[in-house]
Peer 1: 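Structure incoming, see below.
Every chain is numbered from 1, with letters handed out A, B, ... down the list of sequences. Atoms considered below: every heavy atom in the structure, side chains included; atoms not considered: hydrogens, waters and symmetry mates.
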Protein chains: 2
Amino acid sequence: MGAIPQGGSGEGSEVAGTLEEIARLSGVSRSTVSRVINNNARVSPTTRERVLEIIRREGYRPNLTARQLASGRANVLGVVIPLGSPDVLSDPYFSKLLHGIAVEADSHDQHVMLSLAEPSFRHRIDEVAGQGIIDGVIVSAAQEGDPFLVRLIEAGIAFISVGRVDDERVSYVDIDNVGSARQATGHLLRLGRRRVATIAGPLYATASIDRLRGYREALDQYGLQFDNDLVVAGDFTEAGGRAGMRRLLEHRPDGVFVASDRMAAGALNELRASGLQIPDDVALVGFDDIPLSREMEPPLTTVRQQIETLGAAAVNLLLDLIHDPTASASRVILPSELVVRASCGAHLNQERKAIDATT
Amino acid sequence: MGAIPQGGSGEGSEVAGTLEEIARLSGVSRSTVSRVINNNARVSPTTRERVLEIIRREGYRPNLTARQLASGRANVLGVVIPLGSPDVLSDPYFSKLLHGIAVEADSHDQHVMLSLAEPSFRHRIDEVAGQGIIDGVIVSAAQEGDPFLVRLIEAGIAFISVGRVDDERVSYVDIDNVGSARQATGHLLRLGRRRVATIAGPLYATASIDRLRGYREALDQYGLQFDNDLVVAGDFTEAGGRAGMRRLLEHRPDGVFVASDRMAAGALNELRASGLQIPDDVALVGFDDIPLSREMEPPLTTVRQQIETLGAAAVNLLLDLIHDPTASASRVILPSELVVRASCGAHLNQERKAIDATT
DNA sequence: AGTTACGGTGAGAGCGCTCCCATCATTCCA
DNA sequence: TGGAATGATGGGAGCGCTCTCACCGTAACT
């Protein structure tokens with residue numbers, strides 16, 4: 001029937017249809033339908049209602065791909081989770097973070113594309129990020145000087161980090177890891193512990209570094225010497241925490257600041273297996289306040305960070321960045337707090353005080 | 001300077017460039033470059049080499065969105081994880097499943113888009129699935145008669161389920177949950193336990209239903225009466241397992257088949273808190289074989305399923321389906337095996353046998 | 001030498017949207 | 001009541017790719 005590009009429209013009983021089709025059915029132009037869909041242009045109420053009716057009737061959904069291509073916006077946010085160890089993802093931290101991200105993204109009509117960033121997969125992300133499929137990236141647990149971040153920066157891709165990154169060009173959300181760790185360690189010291197050790201996170205992560213620094217600062221405040229034997233690095237898993245505690249036990253700590261609750265759970269198991277009493281023999285303070293923490297035996301004293309809020313903040317920051325790429329980098333530091341439960345032995349001291357008082 | 005559609009190309013120092021640009025630079029047509037990129041057409045080796053060289057030099061990456069729109073294929077697979085409870089995702093099961101999916105997808109040059117399927121979010125997925133962004137969906141832990149599945153089916157969206165779905169139109173990968181549960185429960189019975197209880201999963205999940213059925217079948221085989229008091233349903237979390245065990249303890253079981261290792265961990269804590277010996281007082285068998293299981297005290301006897309393989313199989317099945325949408329639904333049942341460790345008390349019986357033998 | 005075959009290549013038409021600009025009624029101001 | 005502003009709509013180009021088809025040159029056949 002000639003080269004007339006009319007074509008289409010007759011391709012059988014497709015589920016959705018196209019803009020053009022809706023336009024035809026409602027007797028207006030494609031442009032008008034487009035305006036209705038993106039409901040911010042000026043269309044007369046009558047027309048709008050009529051078009052909406054047809055759209056509803058036909059069950060029409062705009063083709064996101066076409067929209068992306070034409071507008072340059074995808075309404076998809078990428079999230080990159082490191083997958084160094086095969087089951088980092090099972091850390092409730094990420095679970096919560098993702099949840100926070102998903103909820104906030106949803107409220108902004110954004111889709112979330114999650115990438116498990118095995119180092120070997122990262123090529124996928126920047127491929128995708130550079131080329132229209134996603135508008136921006138939230139990177140979690142980035143490492144110092146991570147070449148991946150460098151690529152994102154150089155490619156001019158909008159991204160924000162969950163966790164401090166030392167580069168003036170990058171925006172991030174974080175908590176005050178140094179201060180929180182100082183507080184947590186200080187708490188043990190205040191309770192009279194003097195051989196306070198720490199099970200740090202992997203030392204390539206900025207969060208680990210900061211928490212370790214807070215630990216040192218607390219020792220300093222109490223005029224205590226930093227002792228290398230009282231520091232081990234874990235990998236944020238239970239197994240890592242357990243192994244760390246095993247090594248630590250050779251040096252007889254009476255308190256341990258553990259850089260994540262998941263590791264604290266492992267540490268706790270090791271202590272129990274060694275027949276040690278918590279908090280009597282060894283007091284424990286964790287970090288994160290995951291659901292499990294309150295159910296441990298004894299319940300874990302820990303630093304609570306609002307992980308879901310962190311995720312939500314990341315989404316908002318990223319969206320801002322996408323809307324105004326020229327804006328300078330911004331940082332958001334969310335509050336955290338020490339949640340005192342039983343594992344630190346605070347109640348022991350209270351009892352002791354009570355006894356003192358009665359004496 | 002008129003309305004000549006040449007345009008483009010001069011838009012500043014973009015990172016990537018376009019097909020057209022590469023074509024110009026290498027002195028061939030857009031078509032040829034396209035062939036080179038999709039490296040399966042017939043292009044002379046000389047030309048191909050030259051074009052590849054330019055592509056490399058310019059750091060060109062094809063725009064995936066445009067490619068999607070033109071080809072109708074996105075090379076993105078969606079994965080839907082239920083998010084009923086806020087931290088299901090932290091179950092190592094999903095962690096492993098995702099890992100298996102990610103690795104396999106990567107090897108097929110597919111991206112993975114993960115959706116946390118809060119019931120309220122599902123609109124996002126079918127929006128996306130219906131409209132070009134993704135080619136197909138892997139649904140995990142679907143529920144019987146889930147309206148979401150119905151929508152996917154009716155919309156003609158390619159999808160496969162990880163876990164049995166009773167609908168002849170849907171393809172799935174699964175393990176033999178009934179058989180495995182029968183074997184696990186039978187194992188406890190064979191070891192002489194007679195009050196064998198079970199902590200089932202949430203009963204809307206087919207896996208839970210099947211495992212419960214296997215439990216019943218095992219009782220039948222041993223001529224034991226099914227006792228409703230010995231059955232509780234958990235939610236696949238530690239807390240759920242723990243709560244389940246607490247209720248179960250009122251009815252004095254001497255063995256428990258727990259439908260997931262994560263719940264088994266919770267159950268184990270409860271038993272310990274009650275001062276009961278494992279396996280002496282109560283023997284335990286779990287399901288999944290997550291990393292934690294071998295580190296429990298005592299190590300957990302459990303059903304090992306190759307979760308990552310399950311994920312990989314799902315990817316392959318889905319890709320098949322995408323390539324040939326007319327193919328009839330297929331099912332893949334992967335093997336599973338009982339891993340005997342200490343929590344079931346098998347070694348006790350062996351010792352007993354050994355003693356018998358010496359007597 | 002005439003035909004067929006085919007490997008290698010280019011041109012054009014879309015994919016389904018958005019966005020800019022043109023058009024045409026209205027309505028407002030002096 | 002004439003000219004400008006304003007509101008509502010339509011038309012066209014184009015986002016960057018893929019895909020079909022046409023084309024040309026050379027090798028292989030009769």
Side-chain angles (χ1 to χ4, degrees), chain A residues 1-9 11 14-24 26-51 55 58 60-75 127 130-133, chain B residues 2-11 14-24 26-51 55 58 60-75 130-133 135:
Chain A
M1 291 247 159
I4 300 165
Q6 294 284 46
S9 86
E11 216 105 46
E14 273 297 282
V15 195
T18 75
L19 243 200
E20 198 88 41
E21 228 168 297
I22 300 298
R24 195 167 41 74
S26 36
V28 297
S29 75
R30 203 184 30 191
S31 309
T32 301
V33 179
S34 174
R35 289 191 187 97
V36 171
I37 291 175
N38 299 292
N39 68 351
N40 46 8
R42 46 245 177 107
V43 179
S44 74
T46 343
T47 313
R48 155 161 293 130
E49 216 25 77
R50 181 155 38 94
V51 172
I55 288 179
E58 300 290 310
Y60 167 75
R61 299 286 187 80
N63 180 310
L64 297 184
T65 303
R67 188 182 266 200
Q68 272 174 232
L69 185 56
S71 70
R73 284 277 328 257
N75 294 322
E127 191 176 284
Q131 296 305 341
I133 277 196
Chain B
I4 299 164
Q6 294 283 46
S9 86
E11 215 106 45
E14 273 297 283
V15 194
T18 74
L19 242 200
E20 198 87 41
E21 227 168 299
I22 300 297
R24 196 167 41 74
S26 37
V28 296
S29 75
R30 204 183 32 197
S31 312
T32 302
V33 180
S34 175
R35 289 190 187 99
V36 170
I37 291 174
N38 298 293
N39 66 354
N40 45 6
R42 47 251 176 105
V43 178
S44 75
T46 342
T47 312
R48 155 161 289 131
E49 216 25 76
R50 181 154 39 96
V51 172
I55 287 178
E58 300 290 309
Y60 168 75
R61 298 287 185 81
N63 180 311
L64 298 184
T65 302
R67 188 182 269 201
Q68 273 176 231
L69 184 57
S71 69
R73 285 275 329 256
N75 294 321
Q131 294 304 340
I133 277 195
D135 299 319

Peer 1: Could you state the CZ-P distance from B:Arg24 to D:dC17, rounded to the nearest angstrom?
Peer 2: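 The distance from CZ of B:Arg24 to P of D:dC17 comes to 13 Å, rounded to the nearest Å.
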Peer 1: Once you round it to whole Å, what is the distance between P of C:dC15 and CD of A:Gln68?
Peer 2: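 Spelled out: CD on A:Gln68 to P on C:dC15 is 18 Å.
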Peer 1: If you find the nucleotide of DNA chain C closest to A:Ser34 and the one closest to B:Leu69, which residue's nucleotide is nearer the 5' end?
Peer 2: B:Leu69
Peer 1: Expressed in angstrom and rounded to an integer, what is the separation of B:Asn38 atom CG from D:dC17 atom P?
Peer 2: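 Atom CG in B:Asn38 sits about 11 Å away from atom P in D:dC17.
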Peer 1: Donor-acceptor pair, distance only, cut-off 3.5 Å: does the side chain of B:Ser71 make one with the backbone of B:Arg73?
Peer 2: yes
Peer 1: Which residues pass the side chain to side chain contact (heavy atoms under 4.5 Å, CB included) test with A:Leu69, sequence neighbours left out?
Peer 2: B:Thr65, B:Ala66, B:Leu69
Peer 1: Considering non-hydrogen atoms only, spot the tightest contact between B:Thr18 and B:Tyr60 and give its length.
Peer 2: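 Of all heavy-atom pairs spanning B:Thr18 and B:Tyr60, the closest is C-CE1, 3.6 Å.
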Peer 1: Which heavy atom in A:Gln68 sits nearest to a heavy atom in A:Ile133, and how many Å separate them?
Peer 2: NE2-CA, 3.7 Å
Peer 1: Could you check how far CD of A:Glu21 sits from C1' of C:dC15, rounded to whole Å?
Peer 2: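 Those two atoms, CD and C1', are 14 Å apart.
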Peer 1: I need the CD-P distance between B:Glu20 and C:dG10, as an integer number of Å.
Peer 2: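 In whole Å, C:dG10 P lies 12 Å from B:Glu20 CD.
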Peer 1: Rounded to whole angstroms, how far apart are CG on A:Asn63 and C1' on C:dT18?
Peer 2: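 After rounding, the reported distance stands at 13 Å.
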Peer 1: Just to verify, what does B:Arg30 make a salt bridge (Lys or Arg N to Asp or Glu O under 4.0 Å) with, not counting sequence neighbours?
Peer 2: B:Glu20
Peer 1: Provide a list of protein-nucleic acid N or O atom pairs under 3.5 angstrom, restricted to nucleotides 7-11 of chain D.
Peer 2:
residue	atom	partner	partner atom	Å
D:dT9	OP1	A:Ser44	OG	3.3
D:dT9	OP1	A:Thr47	OG1	2.4
D:dT9	OP2	A:Ser44	N	2.8
D:dG10	OP2	A:Ser29	N	2.6
D:dG10	OP2	A:Ser29	OG	3.0
D:dG10	OP2	A:Thr32	OG1	2.7
D:dG10	O6	A:Arg35	NH2	2.8
D:dG11	N7	A:Ser31	OG	3.0
D:dG11	O6	A:Ser31	OG	2.7

Peer 1: Report the distance from atom OG of A:Ser26 to atom CD of A:Glu49, rounding to the nearest 0.5 Å.
Peer 2: 12.0 Å
